[in-house]
Protein chains: 2
Amino acid sequence: MGLKVRKSRAPPIPGACPLTECLALLSGAWTPNLIWYLSGGPRRFGELRIDMPRISAKVLSARLRELEAKGVIERQLIASSPPSAEYALTEMGGQLLPALDAIARVGQKLKGVCSRPRRAVRSSESSSRN
Amino acid sequence: MGLKVRKSRAPPIPGACPLTECLALLSGAWTPNLIWYLSGGPRRFGELRIDMPRISAKVLSARLRELEAKGVIERQLIASSPPSAEYALTEMGGQLLPALDAIARVGQKLKGVCSRPRRAVRSSESSSRN
DNA sequence: CTGTATCCTGTAGGATACTG
DNA sequence: CAGTATCCTACAGGATACAG
């Protein structure tokens, strides 16, 4: 789809405009959405798969690794049974949100209405998961 | 390059988050930069090729057509010899700038410094081009 | 100069199957 | 549940050549 703000094979301009590098952080068709869904708080692998039904496990995994390597998100493995993993934006990742908000805002103005992800609290939030 | 916020084959989420549709406007590896360079005012085909040395004529042409079809930019053919064409952001296209600025701002904060495109006025600006 | 037409390649991402 | 490994395809984009 759209986001094709992805890691393009052909790097546009050497070191020209400031868009390039920042956009590189968002490369990958799913990356912006991924960050978007993490903006509401930590999220587990499986939950992200539900948030983005059409993403394949392979790609989700790859994007998460990339973003982790770039310092945009953090992974926390929870040793439990079944094992789970939580992903959350780092402080740096949070700095990307204003930009995504701006994009979303334009999207709203240009067409529809929508709000930041405020999904229900995880079902087992206050109960037990360990 | 980065944004690969491009036209992905696999549309992320059906109609979920507001990012998707707006990002679709920016699809294509060069699109964000293209809009960026047009933000400083009307620009000719050849000038854009200079702004983005590594883009191929084919792709530049394709992106321009797409953006024109989407109502983001306007094309003005100037019947002169040699013939020239000017591309400029439409009002709608201008609405995308805040978002791009936000992205650029984050890029700056995260790494370097850069400013909006303020290239020199076209050489023949005040001279003759009929 | 402003494009368009071909051809070709790299690679992002889906599907599926399997592991810890 | 949380991933990894393979395989495969679709398509974005570069190079080149040509056209108005």
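These numbers come from a predicted model, not from an experiment. Letters go in sequence order (proteins before strands), and every chain restarts at 1.
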Quick check on the helix from C/dC1-D/dG20 to C/dG20-D/dC1: what's the angle between its two end axes, five base pairs per end, to the nearest 10°?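 Taking five pairs per end, the axes differ by 40°.
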For the atom pair [atom1] ([X]) and [atom2] ([Y]), what is the distance rounded to the nearest 0.5 Å?
X	Y	atom1	atom2	value
B/Leu64	B/Thr31	CG	OG1	9.0 Å
B/Arg44	B/Ile50	CZ	CD1	8.5 Å
A/Glu47	A/Met52	CD	CE	11.5 Å
B/Glu21	B/Leu23	CD	CG	10.5 Å
B/Trp30	B/Leu48	CH2	CG	11.5 Å
A/Leu38	A/Leu67	CG	CG	8.5 Å

What is the distance, to the nearest angstrom, from the [atom1] atom on [X] to the [atom2] atom on [N]?
X	N	atom1	atom2	value
B/Leu48	C/dG3	CG	P	10 Å
A/Asp51	D/dA2	CG	P	12 Å
B/Leu60	C/dT2	CG	C1'	10 Å
B/Glu66	C/dT4	CD	P	12 Å
B/Leu67	C/dG3	CG	C1'	16 Å
A/Ile55	C/dT16	CD1	P	16 Å
A/Asn33	C/dG13	CG	P	12 Å
B/Leu26	D/dA12	CG	C1'	16 Å

Taking only N and O in the side chain of A/Arg44, is any of them less than 4.0 Å away from OP1 or OP2 of D/dA2?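 Looking at the OP1 and OP2 atoms of D/dA2, one of them is under 4.0 Å from a side-chain N or O of A/Arg44.
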Could you tell me whether the phosphate oxygens of D/dA12, OP1 or OP2, come under 4.0 Å of any side-chain nitrogen or oxygen in B/Arg63?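 For B/Arg63, the contact criterion (side-chain N or O under 4.0 Å from OP1 or OP2 of D/dA12) is not met.
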Could you check whether any side-chain N or O of B/Ser81 sits under 3.5 Å from a backbone N or O of B/Pro83, counting only pairs where one atom can act as donor and the other as acceptor?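 No, B/Ser81 side chain to B/Pro83 backbone: no donor-acceptor pair under 3.5 Å.
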Measure the shortest side-chain to side-chain distance between A/Lys109 and B/Pro98 over non-hydrogen atoms and say whether it is less than 4.5 angstrom.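 The answer is no; the side chains never approach within 4.5 Å.
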Strictly under 3.5 Å: I want the nitrogen or oxygen pairs between protein and nucleotides 3-7 of chain D, one per line.
from	atom 1	to	atom 2	distance (Å)
D/dG3	OP1	A/Arg75	NH1	2.1
D/dG3	OP1	A/Tyr87	OH	3.4
D/dG3	OP2	A/Tyr87	OH	2.4
D/dG3	O3'	A/Arg65	NH2	3.3
D/dT4	OP1	A/Arg65	NE	3.4
D/dT4	OP1	A/Arg65	NH2	2.7
D/dT4	OP2	A/Ser61	OG	2.3

Residues two or more places apart in sequence or in another chain: which of them pass salt bridge (charged side-chain N to carboxylate O under 4.0 Å, His left out) with B/Arg105?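 So B/Arg105 forms no salt bridge (charged side-chain N to carboxylate O under 4.0 Å, His left out) with any residue.
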